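Every chain is numbered from 1, with letters handed out A, B, ... down the list of sequences. This one's a predicted model, so the numbers in the text were calculated from it and none came from an experiment.
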Amino acid sequence: MMVVDVIFYAFAAVTTLAAIGVVSSRNQVHSVLFLILTFFSTAALFVLLEAEFLAALLVMVYMGAVAVLFLFVVMMLDMDVSDLKAQAINHLPLGLAVGAVILLELVVVLSHSHAHVAAASTVPNTLAIGRTLYTQYLYPFELASLILLVALIGAVVLTLRERKKVMRRQVISQQIARTRSEAVELVQRKPGEGA
Amino acid sequence: MSKYLLIVLAPLFGSMIAGFFGRLLGNRLASLVTIAGMSVSALLAIITFFEIAVGNGDPVRQEVWSWIVSGEFRVSFGLLIDRLTAVMLIVVSGISTLIHIYSMGYMAEDPDQPRFFSYLSLFTFAMLMLVTGDSFLQLFFGWEGVGLASYLLIGFWFKKESACNAAIKAFLVNRVGDFGFALGIFTIYQVFHTLDYATVFRMAGTGQYPQTVDFLFWGPVHTMTLICLLLFIGAMGKSAQFILHTWLPDAMEGPTPVSALIHAATMVTAGVFMVCRASPLFELSETALTVVTVIGAITAFFAATVGLVQNDIKRVIAYSTCSQLGYMFFAAGVSAYSAAIFHLMTHAFFKALLFLSAGAVIHSMHHEQDMRKMGGLRKKIPITYTVMMIGTLALTGFPFLAGFYSKDAILEAAYAAHSTAGTFAWTLGMIGAVLTTFYSFRLIFMTFHGRPADHHSYDHAHESPWVMLGPLMVLAVGALFAGMLGESMTHLGWFKSAIFLAPGHDAMEHAHHVSAWVKWSPFLMFLIGLGMAWLLYVRMPELPGIIAGHYRATHRFLLNAWYFDRLYDRLFVQPAKLIGEGLWLTGDAKIVDGCVNGVANLCQRWAEQLRSLQTGYVYHYAFAMLIGVLVLMSLYT
Amino acid sequence: MAVQLPEMNLVLLSPEILLSLVAMGLLLMSAWSGKESRGLIGTMALSGIVLAAVVLAGLSSATPSATMGGHFIDDRLARAMKWLLLIATALPLLMSREYLNQHGLDSGEYYVLTITSLIGAMAMVSAGSFLLLYLGLELMSLSIYVLAAYQRDQLQSTEAGLKYFILGSLASGILLYGTSLVYGATGTTLFTAVANAIKTAEHVSPVLVLGAVLVIIGISFKVAAAPFHMWAPDVYEGAPTSVTAFIAVMPKVAAFTAFFRVLLEAFSALHVHWAPMLQLLAVLTLAVGSLGAIAQSNIKRLLAYSSIGHVGFLLIGLTTGSQLGHQSVVFYLANYIFMSVGAFCLVLVLNRQGIGDQISDYAGLAKKRPLLAFLMSMFMFSMAGIPPLAGFIAKLYVLMAAVKAGLLTLAVISVIFAAIGAFYYLRIVKIIYFDVAEQPFDMEVSLSHQIVLAISALIVLVVGIFPGKLLDWSLASVQSLL
């Protein structure tokens with residue numbers, strides 16, 4: 001029990017510190033790297049909860065795909081957020097105060113609660129998820145897929161710029177139907193004047 | 001469709017036809033359509049009056065239609081025509097018809113006649129709804145309806161900025177009253193669980209209701225006092241009583257026929273009617289009756305003093321109306337409801353007459369309203385002079401004319417009430433009688449006697465067309481004989497079940513047996529007032545100026561109507577503007593003024609500021625949300 | 001090990017399924033067809049909605065039932081609200097086609113996103129669990145965020161979309177956090193199971209209450225209740241007018257149904273906790289709605305504040321916790337749809353000829369186009385609650401419910417704010433009738449606008465005079481609650 005507790009607190013501390021690092025580091029690439037660290041330690045926490053499927057999902061999807069994509073974008077775009085940060089510093093005391101009060105309240109409330117321990121299951125949790133996701137939670141699952149579709153459409157609608165299609169296709173009938181007057185024009189030019 | 005229903009609906013039909021097809025029909029036809037509607041209504045009202053008031057018909061109760069029927073809740077529209085309603089019907093329909101006819105002449109040159117006649121008929125419809133309703137809800141419906149019509153008609157000449165402002169002012173001041181009125185109706189519903197007159201009055205009479213009730217933040221208060229005072233706040237707004245009177249003089253910005261119909265004869269008397277109709281409730285609260293008496297008396301006196309110095313011919317009559325309404329209220333306050341209604345009826349005749357003749361004077365003087373620029377008109381417009389004289393004599397209580405009977409009845413009742421409030425009202429009423437005579441004859445003398453002040457307009461003054469003089473003559477006949485014919489109204493029990501008197505409230509009975517000096521002192525007051533007016537405005541016309549010079553502060557105090565407008569401006573309008581400005585960082589009070597041009601400029605400026613405000617404020621929004629979360633979390637978990 | 005499938009009655013979901021198919025079909029169509037068939041896509045989207053309405057009408061009468069593992073609830077309330085949602089989507093879509101065409105916005109995705117948001121809203125109104133509530137809300141919101149930013153060449157529009165998105169995400173986070181707390185306290189997300197857990201627990205845990213508070217805040221954001229309203233004026237103003245008309249009505253219907261489900265099905269035992277909170281929100285919302293509107297010069301911003309004011313009234317109806325109150329909310333929503341759609345339709349009609357969104361642009365409308373002016377005044381009067389129009393009955397019922405529930409103070413406050421609110425509605429009428437005309441107002445009113453205007457005006461008027469039928473309908477739809 002002790003060992004698990006120590007590991008939990010270690011990873012929890014890493015998660016929190018890394019999250020602070022995401023918002024506080026000067027270099028944006030560092031921020032993204034901190035984000036990856038946050039994901040990773042969260043994945044570790046899932047493992048501790050015996051939710052290895054979620055852990056794997058987090059590592060593969062968030063760290064492997066999303067965060068790396070993010071990293072590329074950040075490296076490609078040269079954003080200057082120092083102004084923004086300077087402004088944020090001005091508001092920091094107020095923000096911290098409000099945050100602290102909210103935190104305090106949450107702690108007070110949550111400390112009164114009785115922890116619900118999830119029933120230990122003999123079924124591997126990947127199987128368990130699969131079983132409930134496609135039966136009990138089929139309807140939410142389908143709806144979630146629709147949300148992803150909308151996100152996709154939204155991204156395309158808001159960012160895709162249609163370019164003029166530069167298509168050179170030979171249409172023989174048009175070529176044949178051309179008349180002389182459409183095709184060439186005779187212009188009188190004196191020598192030396194040019195076009 | 002029963003004939004009673006047709007009385008109410010005929011003006012509505014006229015209004016709708018004129019309103020929707022006005023352009024198609026043209027000015028002439030549109031006005032004729034509404035007049036036709038009104039005539040039907042008036043004719044049926046007269047028949048009804050003979051059936052119920054002159055004959056001995058029983059009160060009519062009809063359910064017309066069920067409006068909302070859902071679950072246990074039902075609201076139906078019905079008609080209740082007893083003697084009280086019958087009197088009101090004839091006043092409203094009759095005078096409205098005359099004024100429609102008069103308006104054909106008065107508004108002849110206005111391009112928007114269909115709109116005018118449509119509004120005028122719409123108003124009449126709402127007023128008839130108000131008086132024929134059989135529940136407080138319907139009363140409220142009519143109440144709001146006449147308010148709306150009044151707003152539209154005051155602002156009829158919307159190109160005049162002052163008319164726009166007056167319309168908005170009337171609307172806002174009436175809102176204050178309506179707010180109290182609505183609260184009163186809420187409370188009735190909360191206490192009795194119905195708004196039906198018959199049920200409410202029956203339950204009130206037998207005491208089947210909680211004697212005290214919690215009102216907002218106050219602890220237990222006496223139920224009836226609360227209800228009656230709230231209802232009376234509504235009446236104060238509608239009938240321009242002291243404190244909420246400021247809109248009435250400004251409302252004179254509307255066309256004169258409107259002033260005559262709405263702001264003299266009918267709408268402003270709705271408050272008096274309501275108090276009389278709700279007499280079974282008012283009788284149960286001594287406090288409320290005392291308040292009604294005192295406010296009425298103060299208004300009667302206050303408005304009369306202000307009337308003394310006004311120079312605008314319409315404003316004089318407006319303050320006079322205000323004052324006469326005060327008389328009606330204090331009559332109701334001392335439980336002399338019949339006297340109040342009697343005076344309401346006679347007043348409707350002679351005040352409409354006065355307004356319309358003033359309109360005729362204004363018409364003949366090419367829309368000049370300042371009496372200082374008139375004078376000597378007696379020779380140019382003799383018919384107008386004659387009828388206006390009749391109106392004035394009726395108002396001031398010249399023996400055997402309308403006002404003589406009704407005003408005396410009120411004063412005698414106040415005297416006979418033998419209560420502190422009654423005596424207070426009687427004293428102020430007596431002083432008011434002197435003042436009434438004074439300002440009325442001041443008006444006559446300044447307008448018709450003396451030398452013409454402005455020769456140009458004097459030379460062009462002309463008698464009004466017959467379409468205007470005809471209604472004037474009919475009203476003059478009313479002003480001459482309404483008192484004599486209607487006096488029986490004041491006898492005990494004439495109104496039958498329509499008016500309820502609590503035991504011991506017998507001022508009206510005693511009023512018939514007061515000593516002779518009480519009976520004749522109003523006439524004495526008339527003579528004093530007449531004498532003073534003659535002295536100051538015929539005999540020694542330079543004297544008023546000297547007096548005004550000596551008592552400059554008093555004069556200005558009266559001229560500014562006791563500084564009420566300025567007080568309200570300081571108390572309510574300016575702070576409201578400040579709040580508005582505070583709400584919008586660079587808020588410009590101009591927008592509140594409503595009728596200001598250049599709104600477009602202002603908007604542009606705002607739009608730019610808005611745009612500059614928008615960048616980066618998403619932080620602020622998010623922060624506001626978080627604060628909201630914090631507060632709600634702390635409060636409710 | 002055998003997999004246990006829950007009972008799935010897909011027939012009950014047929015309107016949603018049909019709409020999903022329509023959305024995807026339209027997406028494919030717009031991908032493969034050229035510009036010239038855009039009109040066709042709009043028509044097909046509309047007919048898809050009509051078809052869904054037909055299917056909805058064809059379902060056998062609603063006995064309250066749950067399916068899909070309890071996530072989908074079918075009852076009178078869900079059916080009624082789906083009707084309102086279909087109307088609140090179809091009418092704005094119908095009236096904005098010219099606008100979209102003119103502003104080059106009528107690509108197929110616009111219609112697809114409109115329909116997906118409708119699907120999300122429909123999922124919300126028949127949600128049986130917090131999970132589904134959240135998913136429906138996200139589907140609806142996400143589509144709307146994109147729609148708000150649809151005019152992507154206009155700074156205002158993209159700004160509106162982004163702002164809505166950021167703040168909406170914050171609100172979603174709060175909602176989700178609340179849900180997780182509720183789950184933590186009760187071990188379930190199903191409404192009925194949550195209600196049972198609360199009933200059987202010996203005392204109410206503070207975690208649960210905190211969760212409930214956060215969930216309510218999350219939904220309050222969607223209805224733009226103060227102090228979570230600040231996005232509304234900016235988004236209403238910035239978004240394309242056709243979208244504004246849509247987001248003014250449709251999400252409100254869905255979110256108020258969500259309130260019904262959450263408050264009355266899951267948290268009915270916590271009435272003492274949430275009622276005062278909603279009352280506070282209602283007062284704040286009324287204040288913001290009526291005072292904020294006074295200084296506005298932009299008609300869209302003004303209508304935003306106006307809608308905030310209406311939300312205040314709706315919240316009052318909700319807090320009463322009585323059947324009359326719930327009836328009044330449904331009735332109010334139904335009327336609000338038509339008043340709001342009518343007003344926005346006129347904004348669209350008048351907007352077409354390059355007249356801006358400023359209120360002053362409407363000066364003197366009555367001189368040139370008396371019928372349009374009359375209609376506008378009618379909608380304004382109805383919103384202000386002046387008899388005999390629908391808005392009056394709606395307000396009357398809310399007030400009656402409040403008075404009957406003993407909330408006299410709240411009723412009085414709402415009347416005060418309604419009176420203040422009447423001022424700015426009246427100001428518009430004044431500008432229309434009394435100010436000097438500067439615009440030519442020579443636009444034509446197209447057939448689709450005529451249809452929408454005729455429907456909304458007729459309903460506002462007829463319901464104002466004969467409200468009985470609609471009241472009965474509202475009553476029937478809330479009878480399964482409580």
Side-chain angles (χ1 to χ4, degrees), chain B residues 23 66-71 73 141 144-145 148 155 158-159 164 168 171-172 175 178-179 182-183 186 189-190 214-217 579-580 583-584 587-588 591-592 594-595 597 599-600 602-604 606-607 610-611 614-615 617-618 620-622 624-629 631-633 635-637, chain C residues 159 162-163 166-167 170-171 174 206 209-210 213-214 217 221 227-228 230-231 234 237 273-274 276-277 280-281 291-292 294-295 297-298 324 327 358-360 363 386-388 393 399-400 403 408-409 411-412 415-416 419 422 426-427 430-431 433-436 438 465-468 471-472 475:
Chain B
R23 205 165 287 191
S66 305
W67 182 27
I68 306 174
V69 182
S70 173
F73 183 69
F141 178 82
E144 291 293 317
L148 178 71
F158 52 78
K159 283 177 190 135
C164 266
I168 288 175
F171 197 79
L172 287 180
R175 279 277 116 188
D178 290 354
F179 179 59
L183 278 183
F186 283 170
Y189 188 73
Q190 202 192 4
D214 285 335
F215 179 67
L216 303 185
F217 314 106
I579 293 171
L583 270 179
W584 200 249
D588 200 319
I591 201 78
V592 183
C595 288
N597 293 328
V599 171
L602 210 65
C603 293
Q604 213 117 37
W606 276 358
L610 260 181
R611 212 161 296 137
Q614 277 187 342
T615 51
Y617 269 63
V618 75
H620 286 196
Y621 297 177
M625 276 174 71
L626 281 180
I627 296 285
V629 171
V631 170
L632 293 177
M633 260 170 63
L635 282 180
Y636 297 108
T637 30
Chain C
E159 198 177 301
L162 194 63
K163 217 174 256 179
I166 293 173
L167 296 172
L170 183 61
I174 293 169
V209 179
L210 179 59
V213 167
L214 293 180
I217 290 173
F221 174 86
F228 311 107
M230 295 178 93
W231 58 273
D234 288 14
E237 186 188 5
H273 291 272
W274 55 256
M277 172 173 164
L280 178 71
L281 287 181
L291 295 177
I294 291 177
S297 58
N298 180 298
L324 183 63
Q327 180 195 8
Q358 300 303 316
I359 299 169
S360 54
I386 290 173
I393 313 274
L399 288 177
M400 252 169 45
V403 171
L408 196 60
T409 315
V412 169
V415 171
I416 294 175
L426 215 64
R427 201 180 99 214
K430 192 220 95 186
I431 288 171
Y433 275 91
F434 295 163
D435 282 6
V436 183
E438 286 165 8
I465 301 173
F466 306 103
L471 280 168
D472 287 340
L475 185 65

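Residue C:L324: no heavy atom, backbone or side chain, is found under 4.5 Å from chain B. Heavy-atom distances place the side chain of C:F221, and not its backbone, under 4.5 Å from chain B. For chain B, the nearby parts of C:L210 are the backbone and the side chain; heavy atoms of each come within less than 4.5 Å. With a 4.5 Å cut-off on non-hydrogen atoms, C:A363 does not touch chain B at all.
With rounding to the nearest 0.5 angstrom, the CG atom of B:L183 is 8.0 Å from the CD1 atom of C:I416. Going from atom CZ of C:F434 over to atom CD1 of B:I168 covers 8.5 Å, rounded to the nearest 0.5 Å. Atom-to-atom distance recorded for B:F186:CZ and C:L408:CG is 8.0 Å, nearest 0.5 angstrom. One finds the CG atom of C:L170 at 4.5 Å from the CE atom of B:M625 (value rounded to the nearest 0.5 Å).
A search for side chain to side chain contact (heavy atoms under 4.5 Å, CB included) contacts involving C:I386 returns C:F381, C:A384, not counting sequence neighbours.
Taking chain C as the reference chain and counting heavy-atom pairs below 4.5 Å, the highest number among B:V629, B:L148, B:L172 is found for B:V629. Your options are C:L280, C:I174, C:I166, and the one with the most heavy-atom pairs under 4.5 Å with chain B is C:L280.
Considering every non-hydrogen atom in both B:Y621 and C:K163, the closest pair reads CE1-CD, 3.8 Å.
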